Amino acid sequence: MQQIDTDSIRKDFPILDSKIYGKELIYFDNAATTQKPLSVIDTISESYKKINANVHRGVHRLSQLSTEGHEAGRERVRKFINADKSREIIFTRGTTESINLVASSFGEAFINEGDNIVITAMEHHANIVPWQLLSMRKKIEIRVVPLTPLGEMNMEAFRTMMDEKTKLVSVAHVSNVLGTVNPVKEIIAEAHSRNIPVLIDGAQGVPHQKIDVQDMDADFYAFSAHKIYGPTGIGVLYGKEKLLDAIPPYQGGGEMIGHVTFQKTTFNELPFKFEAGTPDYIGVIATIAALDYADAVGMDNIRRHEEELMKYTTEKMKAIQGMKIFGEAPGKGGVISFVVEGTHPYDVGMLLDKQGVAVRTGHLCAQPLMDILGVPGVVRISFGMYNTIQECDACISALKKSVDMLRR
């Protein structure tokens, strides 16, 4: 492994030269979305200029070029997460749609009244609400695995929650609030020992570490391109071929069909069976550039760099009177969620913004977890490959100033 050359990397991200209220931008909201390198921005522009045409449907050259780029994106994603086959890669609009696809299609095929699914107390709303909607339709039970005091998934409780009526386990790879990295390989092995399939919400996993879906033996794995320096509006659902073949389509329309009459429709083969309508093929092509960029830096290098920033900043923050940090599991990712006694997270976030520091505040789309933590919301700092120790120091200084102002 090597040290990341942040000076060189930062030159590739034009937005980092921005001034916010006359201050140099310090962007610490990477868990929400990452900034985009020039290679991604240029790929989007050049693709619209030179090869824009609808995919899979045209005999003309532009359509062929666009189709080739789109399918090259599918193969690039396959390699990035080490899926077995490119037909196991389904393009969606994001992690949220990927989870909704599984809830709808897998839920339709395999989950019935009286069954249950297992999630954890640290889940994002995107891995809670789709199952609640399914529960309304099918009268199923949603079982929630509690957390340990350090913010880890209680594995002992997890083992006791699964039974013969459990039809799916769906858990976050990495918590967007606590930074906890769940032991997904162990979780999957435990579930598989009971013949229960597992969906992993990888929105916060893919950007920060190497992913190997075959090694972890995931049945489904979902993530979004915009979390890993790619364009917005592009998501991926990886699914084992046998499961994707066994479940019905998520949406109907063009592309996902085999043959249509007014009496009956047959469906296309994988992966097109789940990709109704015109896809964001430009975004898919740009995702190739994003994954290439991340691989060039090195996923292990990115993970180590972010963890170093997180540990450094955490120690500095602990010196602030009234500081409470949520989630201190060993090996946690590059996220720090906190509150400071005598202040409100929104006020802290606003004052940091006036000093050029972009952070996230609020419930972070995890209201049930906030209820467990006993707070209405938090301030969250989250790191990316382009962040620096100097930015951490500037953030700590701005945070101390903000807290002092609010307490006065």
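One is the number of the first residue; the rest follow in order along the sequence. Just so it is clear, the values below take in all heavy atoms, side chains as well, and ignore hydrogens, waters and symmetry mates. Every value quoted in this text rests on a predicted model; they were computed, and no experiment measured them.
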Q: Check the pair Met162 / Arg143 against side-chain contact (heavy atoms from CB on, under 4.5 Å), numbers first and verdict last.
A: CA-CA 9 Å; Met162 294 181 288; Arg143 297 180 176 177; over 6 Å; no
Q. Going through the distances and angles, do His173 and Phe223 end up as a ring pair (Phe, Tyr, Trp, His ring centres under 6.0 Å)?
A. CA-CA 10 Å; His173 195 161; Phe223 70 95; over 10 Å; no
Q: Evaluate the side chain to side chain donor-acceptor pair (under 3.5 Å) criterion for residues Glu123 and Thr120: first the C-alpha distance (whole Å), next the side-chain angles of each, then the deciding distance (0.1 Å), finally the verdict.
A: CA-CA 6 Å; Glu123 300 306 320; Thr120 79; 2.5 Å; yes
Q. Where do Glu190 and Val169 land on the side-chain contact (heavy atoms from CB on, under 4.5 Å) test, with the steps shown first?
A. CA-CA 10 Å; Glu190 289 283 354; Val169 171; over 6 Å; no
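Ile196 and Asp219 make their closest contact through O-OD2, 4.5 Å (heavy atoms, listed as atom of the first residue, atom of the second, distance). Scanning all heavy atoms of the two residues, the minimum distance from Ala286 to Pro231 falls at CB-CG, 4.0 Å. Nearest heavy-atom pair, Leu25 versus Ala358, reported as atom, atom and distance to 0.1 Å: CD1-CB, 4.3 Å. Nearest approach of Ala329 to Glu152, heavy atoms of both residues: CB-CG, 3.4 Å. When every heavy atom of Leu244 is checked against every heavy atom of Gly239, the shortest pair comes out as CD1-O, 3.3 Å. Residues Ala172 and Asn182 approach most closely at O-ND2, 2.7 Å, considering heavy atoms.
Without hydrogens or angle criteria, Gln355 side chain to Leu351 main chain gives a donor-acceptor distance under 3.5 Å. Between the side chain of Ser66 and the backbone N or O of Ala53, at least one donor-acceptor pair lies under 3.5 Å. Side chain of Ser98 to main chain of Ala222: no donor-acceptor pair is present (N/O by atom type, distance under 3.5 Å, no hydrogens or angles). A distance-only check finds no donor-acceptor pair linking the side chain of Lys316 to the backbone of Ile396 [under 3.5 Å]. At least one donor-acceptor pair under 3.5 Å links the side chain of Lys36 to the backbone N or O of Thr34. No donor-acceptor pair under 3.5 Å is formed between the side chain of Ser135 and the backbone N or O of Glu141.
Two residues are said to be in side-chain contact when any heavy atoms from C-beta on lie closer than 4.5 Å; Phe28 and Cys392 meet this criterion. Side-chain contact between Pro14 and Ile41: present, with at least one pair of heavy atoms (C-beta onward) separated by less than 4.5 Å. Contact of the Leu237 side chain with the Phe274 side chain is not registered, since no non-hydrogen atoms from C-beta on lie closer than 4.5 Å. Val206 places a side-chain heavy atom less than 4.5 Å from the side chain of Tyr221. With contacts defined as side-chain heavy-atom distances shorter than 4.5 Å, the pair Ile128/Pro368 qualifies. Using a 4.5 Å cut-off on side-chain heavy atoms (C-beta onward), Tyr21 and Asp353 make contact. Using a 4.5 Å cut-off on side-chain heavy atoms (C-beta onward), Leu270 and Glu88 make no contact. Taking 4.5 Å as the limit, every side-chain heavy atom of Gln3 sits out of range of all side-chain heavy atoms of His305.
Within a 6.0 Å radius of NZ in Lys401, no more than 12 heavy atoms belonging to other residues, nucleotides or ligands are found. Atom OH of Tyr346 has 12 or fewer heavy atoms from other residues, nucleotides or ligands within 6.0 Å. Few gaps surround NZ on Lys167; more than 12 heavy atoms of other groups in view lie less than 6.0 Å from it. The neighbour count for Glu108 CD, taken as heavy atoms of other residues, nucleotides or ligands under 6.0 Å away, does not exceed 12. Around atom CD of Glu241, more than 12 heavy atoms belonging to other residues, nucleotides or ligands sit under 6.0 Å away. Shown here is Glu46, whose CD atom has more than 12 heavy atoms of other residues, nucleotides or ligands within 6.0 Å. Residue Arg87 qualifies as enclosed at atom CZ: its count of foreign heavy atoms under 6.0 Å is above 12.
Side-chain polar atoms of Thr166 and Asn116 form a donor-acceptor pair below 3.5 angstrom. For Tyr312 and Asp393, the side-chain atoms include at least one donor-acceptor pair closer than 3.5 Å. In the model, Glu307 has no side-chain atom that pairs as donor or acceptor with a side-chain atom of His208 under 3.5 Å. Residues Asp201 and His124 have side chains that never bring a donor and an acceptor to within less than 3.5 angstrom of each other.
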Sequence neighbours excluded and cut-off under 3.5 Å, please list the side-chain donor-acceptor pairs for residues 288-298, or say none.
| from | atom 1 | to | atom 2 | distance (Å) |
| --- | --- | --- | --- | --- |
| Asp292 | OD1 | Arg76 | NE | 2.6 |
| Asp292 | OD1 | Arg76 | NH2 | 3.1 |
| Tyr293 | OH | Asp12 | OD2 | 2.7 |
| Asp295 | OD2 | Arg76 | NH2 | 2.7 |

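Salt bridge annotation for Arg159-Glu186: present, with a cationic side-chain nitrogen under 4.0 angstrom from a carboxylate oxygen. Taking a cutoff of 4.0 Å between a charged side-chain nitrogen and a carboxylate oxygen, Asp217 and Lys240 qualify as a salt bridge. Using a cut-off of 4.0 Å between Lys/Arg side-chain N and Asp/Glu carboxylate O, Asp17 and Arg10 are scored as not salt-bridged.
Considering only residues two or more places apart in sequence or on other chains, Phe267 meets the ring pair (Phe, Tyr, Trp, His ring centres under 6.0 Å) condition with none of them. A search for salt bridge (Lys or Arg N to Asp or Glu O under 4.0 Å) contacts involving Lys19 returns Glu24, not counting sequence neighbours.
The aromatic rings of Phe13 and Tyr386 stand perpendicular to each other, their planes meeting at an angle above 60°, with 30° marking the opposite boundary.
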